[in-house]
2 protein chains.
Amino acid sequence: MKDSAINDQAREVLQGYMARNGLKSTAQRDTIMEAFFGSHEHVAIGDLHRMVLRKNPRIGYATVYRTLKMLTECGLAVERHFGDGQARYEPQRRGEHHDHLICRACGLIVEFENEEIERLQREVAAQHGFRVESHRHEMHGLCPRCQKAPPRRR
Amino acid sequence: MKDSAINDQAREVLQGYMARNGLKSTAQRDTIMEAFFGSHEHVAIGDLHRMVLRKNPRIGYATVYRTLKMLTECGLAVERHFGDGQARYEPQRRGEHHDHLICRACGLIVEFENEEIERLQREVAAQHGFRVESHRHEMHGLCPRCQKAPPRRR
DNA sequence: CTCATTGCAAATAATTTGCATGTAA
DNA sequence: TTACATGCAAATTATTTGCAATGAG
């Protein structure tokens, strides 16, 4: 058993989900998931496809698309839209939060975490009687570099 | 001067922006902006186009698109992506925040505001040297009603 | 064997652009 | 008059689907 970017917990969730839905394990899915969970980025499908092609040049875009869809359905991936016209995905690791600072000039994305904000969020949700399952928190503006330099696209 | 959905402050921002950029005021833009600022919803371009057609059936989709783009650039509108494949826009009124609780079952959207969270946000941004221009904060989950009732689409 | 999966190409869908014509300033 | 703006249609871009061939269980 070689080491893998997919941790045991994710593997378990996945196996349960696939078993329950009669899905099959394939070499393509393994390759795609390996690449996906190995990336720290917010990957777009196209990026991931390119990464995957280096491992197996015969994997189609649609397969990457469908695999990400599957991961999203079983909760192992989260789909995000940052405003350029394409969806991005990131691995959902339990207990981690992925809040973002996004530079509108160069596209830089910085992740941050703030437990106090999380706590206040839960409070607000409670006030409205909501049961929260996930959240998204983004701030858009200019990163330090683009505040000085005449902003140029990454 | 007939009454209008566009408030004085917005009008001022707009006029400044147009003057500075050599843009011209047109009947189409007025119609579109009237409809846009009159709507409380998160409107998609298609929706807005449909609304606008009732006032002037000759206005094209592209004009609505370009007007919204302009409003976004001068900060009077905010573009959002909720995950269905289309962008939605909402009027940006200064001092108002548009944070959302979103029910995944019935689609209910509740707006909330929390000054303490805002403050912490500014703090986080400062730590990373970002100059923040706007933000988005959404919590997704189940509203009180859908926690009980077998959730059915709105 | 049986049915899910794959790769390809084609279909959708939403957004964006080119351009001839119209129009505000 | 001179740019900018408009409407249309066409181009782009991203996503999604149909289907015959393939492969997992």
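The figures that follow rest on heavy atoms only: side chains count, while hydrogens, waters and symmetry mates do not.
- Partners of B:Glu90 by salt bridge (charged side-chain N to carboxylate O under 4.0 Å, His left out), not counting sequence neighbours, listed by chain and number: B:Arg80.
- In this structure, B:Tyr65 atom OH and D:dT12 atom P are separated by 15 Å, rounded to whole Å.
- Put simply, the side chain of B:Thr67 gets close to the backbone of B:Thr63: a donor and an acceptor are under 3.5 Å apart.
- Taking all atoms of both residues into account, the shortest heavy-atom contact from A:Asn7 to A:Ala10 is OD1-N, 2.7 Å.
- In terms of heavy atoms, B:Glu79 sits closest to B:Ala87 at OE2-CB, 3.8 Å.
- Taken over five-pair windows at either terminus, the axes of the helix from C:dC1-D:dG25 to C:dA25-D:dT1 are inclined to one another by 40° (rounded to 10 degrees).
- B:Arg29 comes within 4.0 angstrom of the backbone, heavy atoms only, and of no base.
- Take B:Arg88 and apply the side chain to side chain donor-acceptor pair (under 3.5 Å) test, not counting sequence neighbours, and it matches B:Asp84.
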For residues 13-31 of chain B, tabulate all N or O donor-acceptor pairs below 3.5 Å that involve a side-chain atom, not counting sequence neighbours.
from    : atom 1 : to      : atom 2 : distance (Å)
B:Tyr17 : OH     : B:Glu73 : OE1    : 2.9
B:Thr26 : OG1    : B:Arg29 : N      : 3.1
B:Arg29 : NH1    : B:Lys24 : O      : 2.7
B:Thr31 : OG1    : B:Ala27 : O      : 3.0

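- Partners of B:Arg122 under the salt bridge (charged side-chain N to carboxylate O under 4.0 Å, His left out) rule, at least two apart in sequence or in another chain, are B:Glu115.
- Taking atom CE of A:Met70 as the reference point, atom P of D:dT15 lies 18 Å away to the nearest angstrom.
- Listed by chain and number, the residues in a side chain to side chain donor-acceptor pair (under 3.5 Å) with B:Glu116 are B:Arg119 (sequence neighbours excluded).
- Counting heavy atoms from C-beta outward, B:His137 and B:Ile117 have side chains that approach closer than 4.5 Å.
- At a non-hydrogen distance threshold of 4.0 Å, A:Tyr61, A:Ala62 from residues 43-64 of chain A come into contact with DNA chain D.
- Two residues, B:Gln86 and A:Arg66, neighbour DNA chain C, and the one matched to the more 5' nucleotide by heavy-atom proximity is A:Arg66.
- For DNA chain D, the neighbouring residues in residues 12-22 of chain B, judged by any heavy atom under 4.0 Å, are B:Gly22.
- Clustering of Ile, Leu, Val, Met, Phe, Trp and Tyr by side-chain heavy atoms under 4.5 Å joins B:Leu53 with none of the others.
- Atom P of nucleotide D:dT15 and atom CG of A:Asp84 are separated by 9 Å, given to the nearest angstrom.
- For B:His49, the ring-ring contact (aromatic ring centres under 6.0 Å, His included) test picks out B:Tyr61, with sequence neighbours left out.
- Take the nearest nucleotide of DNA chain C for B:His81 and for B:Thr26: the residue whose nucleotide is more 5' is B:His81.
- The outermost nucleotides of DNA chain C lying under 4.0 Å from heavy atoms of chain A, listed 5' to 3', are C:dC3 to C:dC8.
- For B:His140, there are no ring-ring contact (aromatic ring centres under 6.0 Å, His included) partners two or more places apart in sequence or in a different chain.
- A straight line from NZ of B:Lys24 to C1' of D:dC4 spans 4 Å, rounded to a whole angstrom.
- With hydrogens and angles disregarded, a donor-acceptor distance shorter than 3.5 Å links the side chain of B:Gln147 to the backbone of A:Gly129.
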